[in-house]
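This report concerns only the one structure given below.
Throughout, a chain's letter reflects where its sequence line sits, starting with A, and its residues are numbered from 1. Please read these numbers as outputs of a predicted model, since none were measured by experiment.
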Amino acid sequence: MNIVIVGLNHRTAPVEIRERFSISEKQLGEALYRLKSDPLIEEGLILSTCNRVEVCAVVKETTQGFEAIKNFFIHYQPNISPDVLTPCLYMYAAGDGLRHLFRVAASLDSMIIGEPQILGQIKEAFDQAILHKTTGVILNKVFKKAISVAKRVRTETKIAENAVSISFAAVELAKKIFGKLERKSALLIGAGEMAELAARHFVANGVQSIAIANRSYERSLELAKEFNGVPVKFEDHVAQMAESDIVLCSTGAPHYLIGVDEVSKVIGVRRNKPIFFIDISVPRNIDPAINKLDNVFLYDIDDLQLAVETNLRAREREALKADKIIDEEIERFSRWFKSLDAVPMIVALRDRAEEIRQAEIEKILGKLGPLTPAQREALESLTSSIVNKLLHSPLTVLKEEAHSTNGNMILEATRKLFHLEEVLSKLDQEKKIPPEESL
Amino acid sequence: MLNVLFFKVTLLFYFLGTSFFLFNLWDRKGERTWGGALSEGDGASPPSSWSQKLAVWVTGAGFIFHTLALVTRIRESGYIPFTNLHEAISFFSWAIVLAFFLVEFRYGIDVLGSFILPLAFLSLVSAAALPNEVRTLDPTLKTIWFGIHTTLSLLGIVAFAIAFIAGIMYLLQESFLKSKQFNSLYYKLPSLDLLDEWNKKAILLGFPLLTLGIISGALWAQYSLGSFWIPNNPKQALSLGTWFFYLMVLHGRITIGWRAKKAAHLAIIGFVGVIFIFVTLA
């Protein structure tokens with residue numbers, strides 16, 4: 001049994017590939033079901049954001065597990081040949097997998113180190129997996145831990161200070177084009193969370209008028225109120241572009257909304273006033289070809305990444321501290337994970353019972369006074385036999401069922417029922433438990 | 001003669017200034033970081049690096065010697081010294097360095113020097129290569145109208161030179177933004193909007209200067225040669241052509257939106273044309 005992670009992210013796969021694997025909230029249930037239907041996979045969770053698609057799973061055997069998840073990816077997009085896909089995928093198991101996951105949650109693996117959105121996305125992915133019942137004892141524990149590690153990193157390091165995000169990079173680029181943003185106007189197409197965040201950044205940096213075009217007019221109204229902006233009908237977004245210096249696009253549309261023809265007309269109406277397009281949607285909503293038009297500047301999510309890489313150097317020092325915290329947490333977590341093996345659990349349970357028996361004998365010996373060796377032996381055998389009979393059934397179940405589907409639940413229950421944490425960690429320190437290869 | 005000595009010292013200082021300014025282009029210290037730029041208002045620049053300061057000081061020293069060279073030349077010759085190409089180019093070089101200091105103190109955009117100083121230095125080198133003896137003047141050149149004509153026309157050309165440099169900087173920054181190359185020059189160059197603004201302001205200033213230069217030239221021709229217009233004089237025709245070109249540039253900007261990249265191209269074409277005319281006809 002092992003924890004594995006297989007995925008692709010902004011570093012390993014270009015947006016052309018990522019957008020194909022991006023799994024929407026609607027499709028997630030089915031994808032989770034398909035993942036879990038593989039007999040090799042005991043628990044599974046899918047994290048899909050615009051920068052990454054990752055499958056985290058508990059598998060019976062590591063190598064086969066990797067293959068199973070890789071096949072899951074291949075079957076998800078049969079149009080992309082495995083030869084193209086394979087170099088994009090990374091695979092981690094055990095400690096490396098945990099480290100990767102904790103780093104993702106703590107936003108150390110993000111496009112912009114320290115950006116806060118990823119933690120929310122992980123919580124969401126976790127909730128979805130719980131909803132579809134694809135996680136179990138291990139992944140539940142893993143993700144709760146990942147979330148708490150992320151919070152610890154956030155409070156104990158400066159990783160999240162001077163909050164940067166894609167939106168921040170977009171504001172900086174806008175300043176390189178327009179100088180001061182005070183008299184500039186922006187247009188938001190699609191009013192999702194990303195768009196909202198970007199709008200907040202632009203307003204904070206001086207943009208005075210914001211028009212909002214969303215498919216849901218109510219949502220436009222709502223946001224317009226918040227930013228003191230103007231709601232426009234979604235169909236009017238092209239007409240509105242003529243009056244906007246900055247166009248921010250973040251919709252869930254699976255195709256291009258804005259193409260070369262529309263934009264060249266808009267530039268004509270604007271009499272060559274430059275216009276800055278920011279496309280933070282995956283799949284992209286703006287045809288990349290418009291960047292070739294004069295006075296049009298288009299940045300998609302990958303371009304924004306390039307723009308902020310220079311700032312990441314400053315955060316790397318903080319990331320080093322965060323990595324130390326993560327190492328600590330992995331150390332703690334692996335102790336728990338090891339305890340989920342039946343062998344140490346049985347040893348621990350026996351030790352715990354023996355400890356109690358010995359303590360009780362010492363107590364009674366004090367009360368009864370000196371005993372003959374025969375009496376002493378009778379006392380020993382009586383207590384031993386009670387303990388053994390009581391433990392017989394739990395130990396048998398542990399031995400037989402530890403590797404069944406419910407195994408982890410039984411192991412976890414045993415640990416809790418008999419308060420075995422201390423014993424287990426003592427055993428671990430004394431190296432009584434044989435080191436396990438997986439963690 | 002003293003003015004020649006001052007001129008040579010100026011040449012040396014401008015050479016050093018140019019070298020330091022060009023070195024600055026590769027120096028990463030002047031870069032704006034993302035975080036830094038957000039907390040500052042636009043137009044403010046980070047503390048200058050030592051090489052930047054050195055470049056400004058050396059250029060300042062060169063400028064003082066250049067001023068001395070021009071003043072001593074006026075005193076030695078007794079006339080406003082724009083009667084030959086050497087003198088005209090030397091004055092042009094002096095005036096763009098002056099313009100550099102004005103813009104540098106107003107906007108504090110250090111990278112400007114890396115563009116203006118090479119131009120000033122190259123002009124001065126070409127001036128040095130030209131004959132520069134103080135001559136006995138043709139009496140027609142001694143009228144006040146000729147002095148006004150040359151001074152205004154040259155200042156107009158200086159303004160067009162600034163528009164030209166703003167245009168080059170615009171095209172560079174535009175190409176960095178388009179190609180998403182965030183090199184150290186990208187961080188140092190100001191915003192496209194500001195560069196387009198400089199372009200516009202420089203031509204708005206240069207155009208009336210050129211207009212007045214042409215009018216005073218015509219007046220000079222009237223007084224000394226007896227006619228406003230000399231038929232078949234290519235210099236007059238081409239000056240008028242230049243005037244129409246910049247009129248068109250301004251008109252285009254106001255009415256049909258010749259701004260941004262197009263304006264940058266026009267500023268470059270215009271100045272190259274002016275220099276070509278200036279050099280071939282002088």
Side-chain angles (χ1 to χ4, degrees), chain A residues 112 114 158 161-165 167-184 201 204-206 242 245 267-277 288 290-315, chain B residues 28 31-45 107-109 111 166 169-200 249 251-266:
Chain A
I112 297 159
K158 287 180 189 157
E161 271 183 22
N162 306 316
V164 287
S165 63
S167 348
F168 184 94
V171 168
E172 279 308 311
L173 283 160
K175 283 190 172 175
K176 274 293 181 193
I177 297 170
F178 300 116
K180 287 180 182 159
L181 299 181
E182 267 75 18
R183 264 171 294 162
K184 302 298 167 194
H201 270 89
N205 283 280
D245 304 296
I267 280 295
V269 177
R270 288 175 61 79
R271 292 190 185 169
N272 294 326
K273 267 201 268 174
I275 183 163
F276 180 28
F277 286 92
I290 70 159
N291 193 47
K292 293 201 182 82
L293 297 171
D294 274 352
N295 305 313
V296 174
F297 300 91
L298 168 67
Y299 278 72
D300 68 24
I301 205 153
D302 278 8
D303 301 329
L304 293 171
Q305 173 186 10
L306 203 68
V308 295
E309 258 162 22
T310 41
N311 197 34
L312 293 182
R313 276 175 241 138
R315 292 185 166 229
Chain B
R28 304 183 69 84
E31 271 180 31
R32 287 171 153 207
T33 61
W34 291 95
L38 200 79
S39 54
E40 294 161 18
D42 187 74
S45 45
Y107 293 96
I109 290 177
V111 74
M169 288 165 85
Y170 187 99
L171 292 185
L172 279 173
Q173 184 70 313
E174 198 253 7
S175 79
F176 295 147
L177 279 161
K178 279 260 186 199
S179 61
K180 288 117 194 188
Q181 278 178 40
F182 306 110
N183 53 29
S184 70
L185 188 53
Y186 162 81
Y187 290 100
K188 288 171 183 174
L189 284 170
S191 69
L192 292 181
D193 193 71
L194 187 64
L195 292 169
D196 193 37
E197 191 68 21
W198 285 357
N199 179 341
K200 182 175 95 182
V249 168
H251 180 76
R253 178 183 278 274
I254 293 157
T255 58
I256 44 175
W258 284 1
R259 53 162 69 88
K261 193 176 182 182
K262 183 141 198 163
H265 280 300
L266 289 170

Which portion of A:Leu293 sits near chain B, non-hydrogen atoms under 4.5 angstrom: backbone
Residue A:Lys273 versus chain B: region with a heavy atom under 4.5 Å: both
Interface residue of largest heavy-atom contact number with chain A, from B:Glu174, B:Lys262, B:Glu197, under 4.5 Å: B:Glu174
Atom NZ of B:Lys200 with >12 non-hydrogen neighbours under 6.0 angstrom: no
All salt bridge (Lys or Arg N to Asp or Glu O under 4.0 Å) counterparts of B:Arg253, not counting sequence neighbours: B:Asp196
Residue among A:Ile267, A:Ile177, A:Leu298 satisfying side chain to side chain contact (heavy atoms under 4.5 Å, CB included) with A:Ile275: A:Ile267
Residue among B:Leu195, B:Asn199, B:Leu194 satisfying side chain to side chain contact (heavy atoms under 4.5 Å, CB included) with B:Met169: B:Leu195
For A:Asn272, all residues meeting side-chain hydrogen bond (donor to acceptor under 3.5 Å, both in side chains), sequence neighbours excluded: none
Under 4.5 Å from any heavy atom of chain A - which part of B:Ser179: neither
Segment of B:Ile256 engaging chain A (4.5 angstrom heavy-atom cut-off): backbone
